[in-house]
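Just so it is clear, the structure is predicted and the values come from calculations on it, not from any experiment. Chain A is the first sequence line, chain B the second, and so forth, proteins listed ahead of strands; every chain is numbered from 1.
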Number of protein chains: 2
Amino acid sequence: MATTSIKEQVYQELSRVTHAISNPKRMELIDVLSQKDYSVEELSKEIAMSIASTSQHLQVLKSAKLIDKQRQGNFIIYSITDDSVLRLVFAVKELGFRKIAEIERLIRDFKTDKNILESITLDDLLIRSKKEKIILIDVRPEEEYKAGHIPNALSIPLEQLQKRLNELPQNKTIVAYCRGPLCVMAADAIKLLNEKKYKAIRMEDGYVEWKLKRQEKSKN
Amino acid sequence: MATTSIKEQVYQELSRVTHAISNPKRMELIDVLSQKDYSVEELSKEIAMSIASTSQHLQVLKSAKLIDKQRQGNFIIYSITDDSVLRLVFAVKELGFRKIAEIERLIRDFKTDKNILESITLDDLLIRSKKEKIILIDVRPEEEYKAGHIPNALSIPLEQLQKRLNELPQNKTIVAYCRGPLCVMAADAIKLLNEKKYKAIRMEDGYVEWKLKRQEKSKN
DNA sequence: AATCTATTCAATTATTTTGTTGAATAGTTG
DNA sequence: CAACTATTCAACAAAATAATTGAATAGATT
């Protein structure tokens with residue numbers, strides 16, 4: 001019993017995984033990388049942090065095997081190692097969103113602030129789309145859409161929405177989604193669409209949530 | 001943009017959850033509590049740490065809403081708040097066991113050390129039990145068995161096994177389980193049984209793993 | 001081969017975390 | 001209601017973490 005037991009060593013190693021996600025910025029990095037692979041420079045902009053610090057956080061994530069890297073020309077591109085990382089982050093959010101009162105309050109404030117009166121989930125979308133014809137739009141950057149999107153979704157990045165309004169029918173319900181519950185893009189899209197008298201609602205879930213849900217269903 | 005955005009605040013709050021499980025001892029505490037509710041004193045013994053430190057760790061887990069407490073007579077009994085905590089820990093292990101080479105090595109050493117030549121999973125058990133009659137025994141402390149166990153399992157705590165050998169048939173396969181992959185109890189039981197010429201194998205999954213698997217199936 | 005540039009490393013400082021010991025607290029039981 | 005005891009708090013020292021700046025590195029391009 002002089003040496004640490006194997007059990008303790010395993011817990012020690014496991015805590016490297018949890019330590020890696022125990023920092024807000026690193027969690028945000030994983031969230032961004034869940035949408036699409038990115039370079040250090042792009043990630044640094046996305047999480048509003050110096051390149052050196054971003055790189056340092058990426059090292060931590062890499063050593064915990066949560067992300068991989070790969071050179072592409074001048075850039076080094078980081079990516080999520082596999083879907084078990086998505087499931088881990090999903091489990092954290094599932095717990096946090098439901099149980100931490102402070103988070104519930106923040107999300108409520110967020111919705112009030114963005115004037116999000118109505119929003120639906122993936123399940124709601126499925127049910128509604130059986131009753132009526134729904135136009136589903138993906139307002140994330142086109143690159144993220146290309147990397148993967150919900151079937152039948154139309155790619156209309158937020159910054160192009162104003163110009164491309166004519167592609168959308170006034171008489172049908174439009175559902176917009178982006179990166180997920182914490183992302184503002186879909187909310188901004190809804191605001192614009194509502195001003196232009198479209199019938200538009202936000203979906204909180206994004207592509208990653210859809211992907212995880214689909215996997216779960218196909219497993220049984 | 002002077003104040004931190006809501007998104008940042010949410011990540012900050014979420015990181016309290018991940019921070020709570022980012023410590024080996026706290027992770028072990030959750031694992032123990034996953035089996036059954038326990039008092040501070042009992043937990044302190046179980047994780048081999050001073051009562052004051054154990055209590056301190058329990059505070060952290062409580063403030064992240066991972067555990068609850070409740071007084072029972074002279075004792076304060078801690079418990080897992082709900083199954084989303086089990087799912088979170090499961091996700092961490094799923095990732096760690098599969099991806100961290102160091103953990104794989106430790107588990108391999110553990111099996112070699114304990115001379116675990118053969119071990120099966122829950123899925124294997126299901127398949128095998130359709131072909132032949134299998135005796136499933138739960139070698140955890142009786143209290144944990146009472147708090148919940150796999151259906152049709154017989155409770156034979158490890159320390160009673162020697163005395164109660166006569167309850168087990170020599171001609172059938174015996175499968176023993178305990179708290180899960182990191183627990184030594186089932187391995188010790190197998191060793192004893194094999195010495196006594198029983199045909200016995202270890203199941204790596206425990207009650208918690210069974211519970212999660214059942215939920216997943218019933219969801220779809 | 002030399003230059004260019006994205007990325008990583010190194011050193012530093014302020015802050016946070018961990019585990020101990022011993023004292024304080026609060027709730028129960030006789 | 002007094003004594004008891006499990007639990008928590010407080011204070012401390014050692015260790016680890018986070019973010020910055022500026023220098024070094026390692027590929028790619030010309």
Side-chain angles (χ1 to χ4, degrees), chain A residues 4-5 8-9 11-30 32-33 36-64 66-79, chain B residues 1 4-5 8-9 11-30 32-33 36-64 66-79 143:
Chain A
T4 53
S5 73
E8 279 172 77
Q9 288 178 65
Y11 280 119
Q12 187 70 52
E13 286 295 320
L14 278 177
S15 77
R16 280 180 54 212
V17 174
T18 46
H19 166 252
I21 55 167
S22 77
N23 171 289
K25 289 293 184 184
R26 285 199 289 267
M27 191 143 224
E28 199 176 348
L29 280 172
I30 292 193
V32 176
L33 285 173
K36 169 188 167 296
D37 302 351
Y38 278 110
S39 72
V40 178
E41 198 188 3
E42 290 169 312
L43 290 169
S44 146
K45 270 185 203 138
E46 200 69 53
I47 68 166
M49 182 171 243
S50 75
I51 289 190
S53 298
T54 303
S55 174
Q56 210 165 276
H57 282 309
L58 289 169
Q59 311 300 311
V60 176
L61 290 171
K62 176 135 198 322
S63 85
L66 300 180
I67 60 176
D68 277 334
K69 71 178 180 181
Q70 175 192 6
R71 183 169 276 272
Q72 255 175 47
N74 244 335
F75 300 88
I76 287 178
I77 306 294
Y78 280 90
S79 57
Chain B
M1 275 301 185
T4 53
S5 73
E8 279 171 81
Q9 287 177 65
Y11 281 119
Q12 186 70 53
E13 287 294 322
L14 279 177
S15 76
R16 279 180 54 213
V17 174
T18 46
H19 166 251
I21 54 167
S22 77
N23 171 289
K25 289 292 183 184
R26 286 199 289 267
M27 192 141 223
E28 199 176 347
L29 280 173
I30 292 192
V32 176
L33 285 173
K36 168 188 167 297
D37 302 352
Y38 277 110
S39 72
V40 179
E41 198 188 2
E42 290 169 310
L43 289 170
S44 146
K45 268 184 205 139
E46 200 68 53
I47 68 165
M49 182 172 242
S50 76
I51 289 192
S53 298
T54 303
S55 174
Q56 207 166 278
H57 283 309
L58 289 169
Q59 310 300 310
V60 176
L61 290 171
K62 176 135 199 321
S63 85
L66 300 181
I67 59 175
D68 277 334
K69 70 178 181 181
Q70 177 195 1
R71 183 171 275 271
Q72 257 178 43
N74 244 336
F75 299 86
I76 288 178
I77 306 294
Y78 280 89
S79 58
E143 295 302 317

Open item on the list: Is it the case that the side chain of B:R16 and the backbone of B:S63 share a donor-acceptor pair, with hydrogens and angles ignored and the cut-off at 3.5 Å?
Closed with: yes
Task: A:H19 NE2 to C:dT16 P, straight-line distance once rounded to whole Å - done: 15 Å
Task: For the student: nearest non-hydrogen atoms of B:Y38 and B:L33, plus distance - done: N-CD2, 3.7 Å
Task: Separation of D:dT17 C1' from A:R16 CZ (nearest whole Å) - done: 15 Å
Open item on the list: Output the rounded distance in Å from CD1 (B:I21) to C1' (C:dT18).
Closed with: 18 Å
Open item on the list: Which residues in residues 67-76 of chain B have a heavy atom closer than 4.0 Å to any atom of DNA chain C?
Closed with: B:R71, B:G73, B:N74
- [ ] Without swapping roles, check the side chain of A:Q59 against the backbone of A:S55 for a donor-acceptor pair under 3.5 Å.
- [x] yes
Open item on the list: Is the phosphate of C:dT8 approached by A:Y78 (side-chain N or O, under 4.0 Å from OP1 or OP2)?
Closed with: yes
Open item on the list: Main chain of A:I21, side chain of B:T18: is a donor-acceptor contact present, judged purely on distance under 3.5 Å?
Closed with: yes
Open item on the list: Can you give me the closest heavy-atom contact between A:R71 and A:I76, atom names plus distance?
Closed with: NH2-CD1, 3.9 Å
- [ ] Tell me, please, which residues at least two apart from A:E41 pass salt bridge (Lys or Arg N to Asp or Glu O under 4.0 Å).
- [x] none
Task: A:S22 side-chain N/O to B:S15 backbone N/O, donor-acceptor pair under 3.5 Å - done: no
Task: Separation of C:dT8 C1' from A:L43 CG (nearest whole Å) - done: 15 Å
TODO: Report the distance from atom NE2 of A:H57 to atom CG of A:L43, rounding to the nearest 0.5 Å.
DONE: 12.0 Å
- [ ] For B:Q59 and for A:K25, locate the closest nucleotide of DNA chain D by heavy-atom distance; then report the residue assigned to the nucleotide nearer the 5' terminus.
- [x] B:Q59
- [ ] Specify the separation, in whole Å, of atom NZ of B:K62 and atom C1' of D:dC9.
- [x] 16 Å
TODO: Measure from CD on B:E41 to P on D:dC4 and round the result to the nearest Å.
DONE: 18 Å
TODO: Assign each of B:R26 and A:L58 to its nearest nucleotide of DNA chain C by heavy atoms, then name whichever residue's nucleotide is nearer the 5' end.
DONE: A:L58
TODO: May I ask you to list the residues of residues 48-57 of chain A, by number, that have any heavy atom positioned under 4.0 Å from an atom of DNA chain D?
DONE: A:M49, A:S50, A:A52, A:S53, A:Q56, A:H57
Open item on the list: Just the rounded figure in Å: distance from P of D:dT7 to OH of B:Y38.
Closed with: 14 Å
Task: Upstream residue (5' side of DNA chain D) when B:V40 and A:N23 are each assigned their closest nucleotide - done: B:V40
- [ ] Return yes if some donor-acceptor pair links the side-chain N/O of A:S44 with the main-chain N/O of A:M49 below 3.5 Å, else return no.
- [x] yes
